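Data block below; observations after.
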Amino acid sequence: MDAQVTRPTSANSQTRNAGYATQPPLQRFLASCHEEFKADDSGNVADYIPELKRADPSHFGIALVTIDGHIYEVGDSAVPFTIQSVSKAFVFALALEMVGEERVAATIGVEPSGEAFNSIRLTSDNRPFNPMVNAGAIACSGLIHEVDGADAFERIREKLSQFAGRQLGVDDAVHQSEVITGNRNRAIAWLLRNYSVIQGDVDAVLDTYFRQCAVLVTARDLAVMAATLANRGINPVTGVQVIAPNVVARTLSVMTSSGMYDYAGEWVYRVGMPAKSGVGGGIVAALPSQIGLGTFSPRLDSHGNSARGLKVCEALSSRFDLHMLNRSADVRTCVIADYDLFGISSRRSRQPHEQQILDEHHSDIRVIELVGALNFAAIDYVTRRLAGEPPNAPLLVLDFRRVPDLTSAGAQLLGENLTILGNAGVTAILTGIEATSAVWLAIRARTGEPHRLRRFALLDEAIEWAEDQIVYRYGGFTVSKETSHLGEQALLAELTPDEIAALADLSTARRYEAGQRIISAGEPANSLFFLQNGMVSVKLPSGVRLASLGPGMEFGEMAIIEQRRSADVWADTQVKCLELPLDSFADYRQLHPQIAMKIMRNLSALLARRLILANAKVDLLSAY
Ligand code: GLU
């Protein structure tokens, strides 16, 4: 996947964004933050790891990644620095993935400690307070080390790289510097060993932890990593599912309560985004389902958080009202359309007697088109709507094509509702979802009446199937009969028997096997066809079906007014038809002008009917 980048400072991105008359507002906002806060030189570069002192205090980069993978960047967003404690959030996620929630919970708590990040104090049952302080993070590295041994660091590096969407390296000098001076962490690790929180080789676990802190990232990497958390574990730039959604929720929880050292409470209150900072000067902040932010500026305030980074986050949150608890939604918007089949139909053309049954029983099929990511509250609304007026139709089509996601609580409620409806004789038909999609699997697993649950990829296929059920139920299904008599063709209404006979003489009998293409889009259109037996489908080259036709119907008739075939026609079954060459229309010795006139009039009537149908659909959909 190619990430879109908005970065005003490089010539390359200016060409890319040539389409913008002005920069997007968010880019301008980030640029103005950068301009304003770069003047702030409060705080100091961390020095307790000697090598960190070498950082250039003037560096300042901001990157923001949206969950559709767009990257905004300003300033030193490509300058590498060590990730330090920002790694803790992602390594915690990895530990959850590798050893499971129970094991992690038995080893590390999730309570804010109220103490410094490098506090040596443990909880009353001798566990680290949470995975965002050093003790908890070293314990996480220990869990991973228990599984992977000497490969533990490589596993961590690989996971961090997936979060960032590129291969990340290590700053060996910073790593060495911490190995030499990290005695406090060594003390913490031995204390953990004493309480069997770390079970293996303490030095090897510590080295894994020191190395993970020395992984090199940029503000841009941090923004992609944050956006991966905001996007339920899918990296929005690479499209890779890096971590499971339930792990994401747990990771964001501890970031919320303990991610910003002993400023965490104030941070949630003011900014309201799960975040984690590190002494290298990096901050990640993730706003679920919206954005990931990464900032880099090495000067730290008295809490150990990047002073400028903090300002950027505060400004962004307050300017755009991004506090995670300040949400609103209207569940009713999840139903985009709710209708029965009055005046509309699938693209299958029906025999007149079938159409009559469908007209009479139009309210036996109810279609509800849903939109957006559906959660518990949205599905609750759908279930109440189903329980209200009109009373249940025996065939209920729920269209999911505009639904990107369904929460498991939503699937649970819907499954229960479909089970109740199934027991009451309602068949639910889900459309717009593939057999392998998570949404379909979740609903199916929770529906107790599987034989009353069907799935189609396309809404049109589902409506056709539902129509078939109605036609069948009311006895209208006839084995498609042979209609060799041209007088039954709608296009030939009002022609006298002699005229029909003249047409038949000019036509050639054709046969096609199921699956054969009869007409190809783009070819010159020089004949029209009367279908006598079998079924054909008119499709666009993309595969979209425009119509399915049966005996007594014509196809290729647009040739009368168009020079080229606009669609393909395929034989769905064995097909028998008559092909009438168009040049016979132009030659009065072959086809009397009066016959041609009648055919043209019939064609106009057919086209008018199609237009009325199309208008009815437009009208129906514009009502929502
Ligand atoms: N490697 C650092 C330490 O353990 C990370 C500290 C931090 O970024 O908070 O001291």
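Just so you know, ligand 1 is whichever comes first in the structure, and atom 1 is the first atom listed for that ligand. On a predicted model such as this, the values are computed, not experimentally measured, just so you know.
- Looking from atom 3 (C) of ligand 1 to the surrounding protein, the closest heavy atom is Glu178 OE2, 3.1 Å.
- Close contacts between ligand 1 and Cys213 involve ligand atoms 1 (N) [criterion: under 4.0 Å to a heavy atom].
- Heavy-atom contacts of Gly278 reach the following atoms of ligand 1: 8 (O) (cutoff under 4.0 Å).
- Electrostatic pairing of Arg402 and Glu369 counts as a salt bridge here, judged by a charged N lying under 4.0 Å from a carboxylate O.
- For ligand 1 and Val279, the ligand atoms under 4.0 Å from any heavy atom of the residue are 6 (C), 7 (C), 8 (O), 9 (O).
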Practice task
Show your reasoning for whether side-chain hydrogen bond (donor to acceptor under 3.5 Å, both in side chains) applies to Asn118 and Asn185.
Solution key: CA-CA 7 Å; Asn118 57 3; Asn185 283 329; over 6 Å; no
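- Of all atoms in ligand 1, numbered sequentially from 1 with element shown, those under 4.0 Å from a heavy atom of Asn134 are 3 (C), 4 (O), 10 (O).
- Between Glu314 and Lys311 there is no salt bridge, since no side-chain nitrogen of the basic residue lies less than 4.0 Å from a carboxylate oxygen of the acidic one.
- Residue, atom and distance of the protein heavy atom nearest to atom 2 (C) of ligand 1 are Gln84 OE1, 3.2 Å.
- Salt bridge status for Arg155 with Asp148: present, with a side-chain N to carboxylate O gap under 4.0 Å.
- Residue Ala226 comes nearest to Ala286 through the heavy atom pair O-CB, 3.5 Å, listed as atom of the first residue, atom of the second, then distance.
- Atoms of ligand 1 found under 4.0 Å from any heavy atom of Tyr261 (numbered from 1 in listed order, with element): 7 (C), 8 (O), 9 (O).
- Taking a 4.0 Å cut-off on heavy atoms, Asn185 registers as neighbouring ligand 1.
- Looking at atom 4 (O) of ligand 1, its nearest protein heavy atom turns out to be Tyr209 OH, 2.6 Å.
- Under a 4.0 Å N-O distance rule, the pair Asp405/Arg232 qualifies as a salt bridge.
- For Phe92, there are no ring pair (Phe, Tyr, Trp, His ring centres under 6.0 Å) partners two or more places apart in sequence or in a different chain.
- Protein heavy atom at the shortest distance from atom 7 (C) of ligand 1 is Ser85 OG, 2.4 Å.
- For the ligand labelled ligand 1, residue Tyr48 lies inside the 4.0 Å heavy-atom shell.
- His34 meets the side-chain hydrogen bond (donor to acceptor under 3.5 Å, both in side chains) test with no other residue; sequence neighbours excluded.
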